[in-house]
Amino acid sequence: MKKKFSVLINKKINKFNKTIAAPSDKSLSIRVLLFASQCIGVSNIKNLLESEDVLNCVKALRTLGVKIIKGNGLYKIYGNGFNSFKTKKKTNIFVGNSGTTARLLMGLLSTHPGKFYLYGDASVNKRDMSRIIEPLEKIGAYFYPKGKKTLPLTIEGTNFPLAQTHIEHLGSAQVKSCILLAAQNIAGISTIKEKKISRNHSEILLKNISADIKVKKLKNINLITLRGQKNLHAFDYTVSSDPSSAAFLIALTLLTPESKLVIHNVLCNSTRTGFIKVLKEKMNANIKIKNLKKISGENVGSIIVSGSKLKSINLSGNIGALIDELPILFIISALTKGISKFNSIEELKNKESNRILESKKILTQAGIKCKITKNSMKIYGNDKIKTQNKSIVVKTVSDHRICMSSAIFSLATGIKVKIDNFETVNTSFPKFISLIRLLGGKIEIKKS
Ligand code: S3P
């Protein structure tokens, strides 16, 4: 992690009209690296996101003996086939702030004999790993210390992994992808009964590189089967822009009257566009997706958004398609007239911070009434918020999305904000400050 710094914002942004490029998608970037490491030959990856989370994944793979070279704007991953990591007696791996790297990588390590000690930053070290320990133990891996549910942990992979049937009931793409990465290295058919649908990038990528994967949509579940140990060949891949990063810029545009923003080549996979869908269909937002096309097997499009008079929202059901966008949706709702309700959001407590609590802290400081329970949130929105004599201090440790949501809140209202630990934004969106400045926003950086 680079040096700590805070940011100060105390001026509302003026209206803007711009076309910008959003950063590449984090989920896709981490997945292509991990899957390419298990293919035979050199995979060429264009537009890999160069954020701390992704670069920690690159480092972790290099520690495991995978050659990765950057040149001519491409990342070249030299894969040696399934189960091909070069293992020592004990390998130490730092995953930084990246829960995705930690959980997905453990899927791969579960089928490698050897001991791997995984550790991360303070935030990752608090996150629940029992959700992947349970399925990986079923496959045959061991975890030490016994009974510990958080990093640091040592995983000991097995020589004889067993194909199993897993039930995924959390709606977690990380758990599903962890199992799929393990399954690709296991002989026989592994099965996942996906009870709550989550982002499906791993399934799309596996299909695209000719893995033996089938996804059957049944009445209440997706039945995913994967016959492992098929040799997969290296591939070329272009990573499109991250809808979860674009969401902050979309929010700022919606909340700034007479503004317009165009963002090309944004990943528009329906398991990721819940935020846009809700804004358009339920909140009256002026937002369109155009030029839909396929890039590396994924739906990609241009997003055109304009400042809008929004309506409050009552959200319930599966939140999988907008899980990472909820903090910024809370901010939008807080600045929209009416009471907004969010149900079944308990998974937000398990992110880089407890996002229900941290969002409430921001809104309450701004004088927005907000009630929370362990799985819901009610926001009493105000589209004419008074800014005088108000200021907010955000001290969340290591949560990039809380930091960026607070920044957007301040830019949209003019309420003064000081956000500590803003360096954590580099985990997903290193160009956030420069992009905000490009739109005309004023952000001051203070060394902490
Ligand atoms: C991710 C899945 C989601 C999401 C995270 C990235 C992924 O987490 O919140 O930012 O790349 O698979 P869960 O799977 O824990 O819901």
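Predicted model only: the values in this text are computed from it and were never measured. When a ligand or atom number is given, it counts from 1 through the structure's own listing order.
- A salt bridge does not link D324 with R272: none of the charged nitrogens is closer than 4.0 Å to a carboxylate oxygen.
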D420 and K395: CA distance, side-chain angles, deciding distance, salt bridge (Lys or Arg N to Asp or Glu O under 4.0 Å) verdict: CA-CA 5 Å; D420 289 344; K395 285 187 177 292; 3.2 Å; yes

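- Protein heavy atom in closest approach to atom 11 (O) of ligand 1: S27 OG, 2.6 Å.
- Using a cut-off of 4.0 Å between Lys/Arg side-chain N and Asp/Glu carboxylate O, K207 and E298 are scored as not salt-bridged.
- Using a cut-off of 4.0 Å between Lys/Arg side-chain N and Asp/Glu carboxylate O, K361 and E358 are scored as salt-bridged.
- Looking at E347 next to ligand 1, no N or O pair under 3.5 Å apart turns up.
- Proximity of K351 to ligand 1 is established by a heavy-atom distance of less than 4.0 Å.
- By the 3.5 Å distance cut-off applied to N or O atoms, I323 is not counted among the residues near ligand 1.
- For atom 10 (O) of ligand 1, the closest heavy atom belonging to the protein is D324 OD2, 2.8 Å.
- The ring pair (Phe, Tyr, Trp, His ring centres under 6.0 Å) pairs that include a residue from residues 192-251 number zero, where partners must be two or more places apart or lie in different chains.
- Per-residue contacts place A173 under 4.0 angstrom from the following atoms of ligand 1 (heavy atoms of the residue considered): 12 (O), 14 (O).
- Of the heavy atoms in H201, none comes closer than 4.0 Å to ligand 1.
- Residue K26 has no nitrogen or oxygen atom sitting less than 3.5 Å from a nitrogen or oxygen atom of ligand 1, judged on distance alone.
- Here the straight-line distance linking atom NE2 of H264 with atom OG of S302 works out to 5.0 Å at 0.5 Å rounding.
- The shortest N or O to N or O distance between R31 and ligand 1 is under 3.5 Å.
- For the pair K176 and E194, the salt-bridge criterion is met [side-chain N within less than 4.0 Å of a carboxylate O].
- Contact atoms of ligand 1 toward T100: 6 (C), 7 (C), 11 (O) (distance under 4.0 Å to a heavy atom of the residue).
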